[in-house]
2 protein chains.
Amino acid sequence: MTQSKTDPRVLRTRKLIMDSFIELSAKKEFKDITIKDITTEAMINRATFYYHFEDIYDLLEKALSEVLLVNLNFDVYQNNELNEEAFISIFIAITNFQKGLSTRCHRGYEDTIARIIREQLEIIFYKMLVKQNTTKDDEALKTVAVILSWGIYGASIEWRRNGMTVPPEEFIKPAIPYLMNGIHS
Amino acid sequence: MTQSKTDPRVLRTRKLIMDSFIELSAKKEFKDITIKDITTEAMINRATFYYHFEDIYDLLEKALSEVLLVNLNFDVYQNNELNEEAFISIFIAITNFQKGLSTRCHRGYEDTIARIIREQLEIIFYKMLVKQNTTKDDEALKTVAVILSWGIYGASIEWRRNGMTVPPEEFIKPAIPYLMNGIHS
DNA sequence: ATCAATGTGTTGGATATCCAACAGATTCAG
DNA sequence: CTGAATCTGTTGGATATCCAACACATTGAT
């Protein structure tokens, strides 16, 4: 229990389940995916599924979080400072992630997915803010992270709603200077 | 122990190990592949490796057997009679399998590989002979299987040595009528 | 030749996974 | 509606896998 997050069996099993889920998502709608389908594909027992996940919605949440986090980390941990470039690559990562979600799958779970994306954004913004601000006002940083995450997520929605008529970097770039004012330590 | 061959954990673990081994074989020479490499890639513990395989040569043997057997079964279990067509598809399967083996990998283990191929051929020939012969002279069928396996394997070697100048089916086809004489029940 | 580092193979106890069985929910044909 | 079939979640005991530690072999640098 204390080291359940690092036991190789746990990591391996979770990976197998998540990979199978993503695999199946490409073939079926979310509502038609059964837990037995997933465990069969993953070659693990159904009881083991419940050892790791509450239910299939819990899996959806964790799987998407992970995929998204991998995307974000890959882009952001390179220039790990919250400058214009970082904003742009985060925004592009989000839009790519949303493009990658087959609209056929997960229909009816847009709000769940939205929440997941926003939460992950919030986590990453908060981490980066803490890294470059020496202030002790932690609550302030948290609030900034909330605002930025809602803002960037909303921008991605609007960009799609407008028909993606301009490249994402062009869409977000003009707004960045206004955001950056309050960010520098 | 009694059902150790059907426990899903066993099947899954063996698959993971074999897949990792095949994966690594594409990148490194056989002699440079360590058991730690394999178990790391497969996400399983080193001790678990020894639970399933004696050593790395045992793995080589079983992995190749399995790959080969899958190839053979796929081709042969369709027209499951030992006629001209079956001979041809077996011969093609063998030559494809040998082409698939990167010569860079497994150098220095040609004789091991040869033995594995021959043994698998022998098994399959024997199965098919038993299926279509009602004779009780089991020893005779075993001997026929031995001869056919050595013969077909040898033919594949000679075909390669000759520079693969004709398609495999052309190479083997003229010889088949001579083999078929003693096979019919 | 020696020492350090790495690989092989083995073992006993801890734990994740499996199995079989169960009760209840949902679906769907007749 | 009724029953048959399938899915969801849960549980206790069996077993495969993990871990840490060990002895020994092999390799490579100094």
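Sequence lines set the chain letters: A, B, ... in the order given, protein chains first and strands last, and positions in each chain run from 1. Atoms considered below: every heavy atom in the structure, side chains included; atoms not considered: hydrogens, waters and symmetry mates.
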* Listed partners of A:D19 passing side-chain contact (heavy atoms from CB on, under 4.5 Å), at least two apart -> A:K15

* Structure fact -> From CG of B:D58 across to P of C:dG9 the rounded distance in Å is 10 Å

* If only side-chain N and O atoms of B:T13 are considered, is one of them under 4.0 Å from the OP1 or OP2 phosphate oxygen of D:dT17? -> yes

* To do: Could you tell me which residues satisfy salt bridge (Lys or Arg N to Asp or Glu O under 4.0 Å) with A:E119, sequence neighbours excluded, listed by chain and number?
  => A:R115

* Kindly write out the residues that satisfy salt bridge (Lys or Arg N to Asp or Glu O under 4.0 Å) with A:D55, not counting sequence neighbours, or none if the list is empty. => none

* Can you name the residues that form a ring pair (Phe, Tyr, Trp, His ring centres under 6.0 Å) with B:F125, not counting sequence neighbours? -> B:F87

* According to a strict under-4.0 Å criterion, is A:H52 in side-chain N/O contact with OP1 or OP2 of C:dA16? -> no

* Please state whether the phosphate of C:dT17, meaning OP1 or OP2, lies under 4.0 angstrom from any side-chain nitrogen or oxygen of A:N45. => no

* Any side-chain N or O of B:R12 under 4.0 Å from OP1/OP2 of C:dT17? -> no

Under 3.5 Å, which N/O atoms of the protein pair with N/O atoms of nucleotides 23-28 of chain C?
none

* Asked: Is it true that the side chains of B:Y50 and B:D58 contain a donor and an acceptor less than 3.5 Å apart?
  -> no

* **Those residues that, when tested against A:I157, pass side-chain contact (heavy atoms from CB on, under 4.5 Å) (two or more places apart)** => A:Q98, A:Y153, A:R161

* Asked: Taking atom C1' of D:dC18 as reference, at what distance in whole Å does atom CG of B:L16 sit?
  -> 15 Å

Cut-off 3.5 Å, no hydrogens considered: what does the side-chain donor-acceptor table look like for residues 169-177 of chain A, sequence neighbours left out?
none

* Can you check the B:L11 CG to C:dC19 C1' distance for me, whole Å? -> 14 Å

* Return the value, rounded to whole Å, for the distance between atom CD1 of B:I38 and atom P of D:dT17. => 16 Å

* Asked: Axis-to-axis angle across the helix from C:dA1-D:dT30 to C:dG30-D:dC1, five pairs an end, to 10 degrees?
  -> 50°

* Structure fact -> The side-chain contact (heavy atoms from CB on, under 4.5 Å) partners of A:T143 (sequence neighbours excluded) come to A:I147

* To do: Would you mind building the protein contact string for nucleotides 4-9 of chain D? One character per nucleotide, 5' to 3', B for base within reach (heavy atoms under 4.0 Å), S for sugar-phosphate only, - for untouched.
  => ---SBB

* To do: Flag the pair A:I88 / A:I92 as yes when at least one side-chain heavy-atom distance between them is below 4.5 Å, and no otherwise.
  => yes

* Rounded to whole angstroms, how far apart are CZ on B:F53 and C1' on C:dT8? -> 16 Å

* To do: Give the rounded distance in Å between these two atoms: CG of B:D7 and P of C:dA20.
  => 10 Å

* Asked: Who passes salt bridge (Lys or Arg N to Asp or Glu O under 4.0 Å) against B:R9, sequence neighbours left out?
  -> B:D7

* Tell me whether the OP1 or OP2 atom of D:dA16 has a side-chain N or O from B:Y51 closer than 4.0 Å. => yes

* To do: Could you identify which residues cluster with B:V146, counting Ile, Leu, Val, Met, Phe, Trp and Tyr as linked when any side-chain heavy atoms lie under 4.5 Å apart, either directly or through a chain of such contacts?
  => B:W150

